[in-house]
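First the structure, in the form of structure tokens, and then the observations on it.
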Amino acid sequence: EWLTERIGERVRREGREDMPLIECGLDSVALLGLYGDAEDAFGPLPDHPVEVWPYTTIRNLARRLAGRNRVARSGGRIRTAFVFTGQGCQHPGMTAGLYAHCTAYRHHLTEADEALEPHLGRSMVELMLGRDPLIDQTALAQPALFAVGYALAATLLEEGVRPVAVLGHGVGEFAAATVSGALPLATAAELVASRGSFMQHLPAGGGMMATCADPFEAAEAATQEPGVSIGAINAARATVLSGDIAGLERARRRLADIGIASTFLKVTHAFHSPLMAPVTPRLEALARRMPTSAKRTGAVIWVPQYGAS
């Protein structure tokens with residue numbers, strides 16, 4: 001009963017004890033939240049979230065949790081994960097206060113800036129601190145977010161925070177890979193700068209729209225729009241549509257008609273959609289000749305990419 005209620009709260013619908021876990025609608029955000037609830041009640045769980053799936057149903061997983069030794073609790077220890085954002089949350093003056101008052105952050109942001117500047121021909125620090133609205137351009141937004149993500153994580157690492165996992169969305173994947181040791185900073189900087197430039201020079205006319213719809217509602221709203229597809233599923237009722245602006249606007253009206261809110265993101269192109277296809281071969285060719293790092297340890301968990309190529 002406890003687990004059924006927790007899952008229902010996370011996915012915002014009723015569940016049954018005999019319901020297959022795979023049908024519960026647990027996305028990555030809901031699953032991590034459920035993990036936190038379960039660890040608080042039952043003690044440490046397996047290291048990787050994918051290990052819940054062998055228990056098949058809610059009832060089977062509940063029995064496994066109930067059988068755990070409650071003495072083996074974590075004693076309040078918090079397990080930290082680093083999550084790196086994708087494009088859309090950048091803004092002029094981003095992290096200016098932290099840059100001014102935190103020496104470690106200033107050092108690491110400068111480090112990332114110096115790695116990016118040869119490929120961009122300008123400083124991301126000057127762009128951000130100068131409160132330049134050009135930061136919303138794809139070719140600059142992506143390197144700026146990469147630099148900030150890297151610097152924030154490096155600052156936390158310097159303070160002794162050790163994540164058990166790193167996760168990134170879009171350009172955030174490059175920051176995650178760099179912090180994990182899978183990519184050297186110089187390699188990631190060149191890839192990020194090139195990625196942003198390739199995307200910037202695609203034809204205009206695309207966009208992205210965050211909705212409060214579940215994936216089925218979002219897909220239904222976009223079903224009559226061949227130029228619109230699901231770009232990301234961020235949570236049970238946080239689905240992003242991506243595609244041509246006119247099609248997105250029509251999908252927005254359909255969602256509004258059934259009481260579902262949506263908002264356009266501050267992006268210049270339809271990222272995570274088939275409109276990005278021309279970028280793929282160029283970025284793949286560049287990535288193949290890039291060195292990776294031998295320092296990474298641990299597991300890489302792949303999750304579905306909705307048009308991410």
Side-chain angles (χ1 to χ4, degrees), residues 82-158 166-180 182-202 204 206-208 210 231-232 234 240 242 264-272 276 279 282-283 286-287 290 308:
F82 290 172
V83 183
F84 299 86
T85 185
Q87 189 175 347
C89 65
Q90 73 282 344
H91 59 87
M94 183 166 57
T95 71
L98 195 59
Y99 183 87
H101 300 291
C102 178
T103 302
Y105 177 76
R106 185 163 58 249
H107 167 76
H108 293 300
L109 187 64
T110 300
E111 184 183 16
D113 190 35
E114 290 174 349
L116 288 161
E117 189 164 2
H119 310 292
L120 297 171
R122 64 180 301 169
S123 165
M124 288 296 95
V125 171
E126 292 178 1
L127 175 78
M128 290 187 289
L129 300 185
R131 302 183 180 275
D132 193 329
L134 288 177
I135 197 171
D136 285 329
Q137 291 191 0
T138 297
L140 300 175
Q142 293 189 11
L145 288 169
F146 167 79
V148 166
Y150 170 82
L152 287 170
T155 301
L156 290 172
L157 289 169
E158 191 172 304
V166 293
L167 177 70
H169 177 77
V171 71
E173 291 177 306
F174 292 89
T178 305
V179 170
S180 72
L183 282 179
L185 177 58
T187 299
E190 183 174 356
L191 285 170
V192 167
S194 299
R195 181 183 190 265
S197 177
F198 294 162
M199 291 181 173
Q200 178 76 50
H201 290 94
L202 287 174
M208 301 182 76
N234 292 329
V240 178
S242 185
F264 281 89
L265 300 179
K266 291 182 179 180
V267 296
T268 56
H269 293 78
F271 304 118
H272 304 285
M276 293 290 106
V279 168
R282 299 178 66 188
L283 192 59
L286 178 63
M290 290 285 164

Residues 136-143, side-chain donor-acceptor partners within the protein, below 3.5 Å, at least two apart:
unit_1	atom_1	unit_2	atom_2	d
D136	OD1	Q90	NE2	3.1
T138	OG1	Q87	NE2	3.4
T138	OG1	T268	OG1	2.5
Q142	OE1	R195	NH1	2.9
Q142	NE2	Q87	OE1	3.0

Identify the heavy atoms of G168 and A176 that sit nearest to each other, and give their distance. N-CB, 4.0 Å

How far apart are the closest heavy atoms of V171 and G86, and which atoms are they? CG1-CA, 4.1 Å

Flag the pair H272 / H169 as yes when their ring centroid distance falls below 6.0 Å, and as no otherwise. yes

Under the 3.5 angstrom rule, does the side chain of T178 hit a backbone N or O of F174 as a donor-acceptor pair? yes

Which heavy atom in A96 sits nearest to a heavy atom in R131, and how many Å separate them? CB-NH2, 4.2 Å

Do L152 and L109 have side chains that get closer than 4.5 Å, going by heavy atoms? no

As a quick check of understanding, evaluate side chain to side chain contact (heavy atoms under 4.5 Å, CB included) for Y105 and V148, giving each step before the final call. CA-CA 9 Å; Y105 177 76; V148 166; 3.7 Å; yes

For the student: nearest non-hydrogen atoms of A100 and R106, plus distance: O-NH1, 3.3 Å

If we ignore angles and hydrogens, is there a donor and acceptor under 3.5 Å between the side chains of H108 and E158? yes

Are T155 and C102 close enough that some pair of their side-chain heavy atoms sits under 4.5 Å apart? yes

Report yes if the side chains of L286 and E190 come closer than 4.5 Å at any heavy-atom pair, otherwise no. yes

Any side-chain heavy-atom pair from D132 and R122 closer than 4.5 angstrom? yes

Begin from the C-alpha positions of L127 and M124 and carry the test side chain to side chain contact (heavy atoms under 4.5 Å, CB included) through to its verdict. CA-CA 5 Å; L127 175 78; M124 288 296 95; 3.8 Å; yes

Is the shortest heavy-atom distance from the side chain of L202 to the side chain of F271 under 4.5 Å? no

C89 side chain reached by L145 side chain, heavy atoms, under 4.5 Å: yes

What closest approach, in Å, do A189 and A115 show between heavy atoms, and which atom pair accounts for it? CB-O, 3.5 Å

Is there a side chain to side chain contact (heavy atoms under 4.5 Å, CB included) between L191 and F146 once you walk through the steps? CA-CA 11 Å; L191 285 170; F146 167 79; over 6 Å; no

When rounded to the nearest 0.5 Å, the distance separating CZ of F198 from CZ of R282 is 4.5 Å

With a 4.5 Å cut-off on side-chain heavy atoms, are F84 and L167 touching? no

Please tell me if the side chains of Y150 and E111 come closer than 4.5 Å, counting only heavy atoms from C-beta onward. yes

So, taking the atom named NE2 in H269 and the one named CD in Q200, what distance separates them when rounded to the nearest 0.5 Å? 6.0 Å

Mind checking what makes side-chain contact (heavy atoms from CB on, under 4.5 Å) contact with S123, not counting sequence neighbours? D113, E117, V125, E126

Closest heavy-atom pair, A188 versus L183, reported as atoms and distance to 0.1 Å, is CB-CD1, 4.2 Å

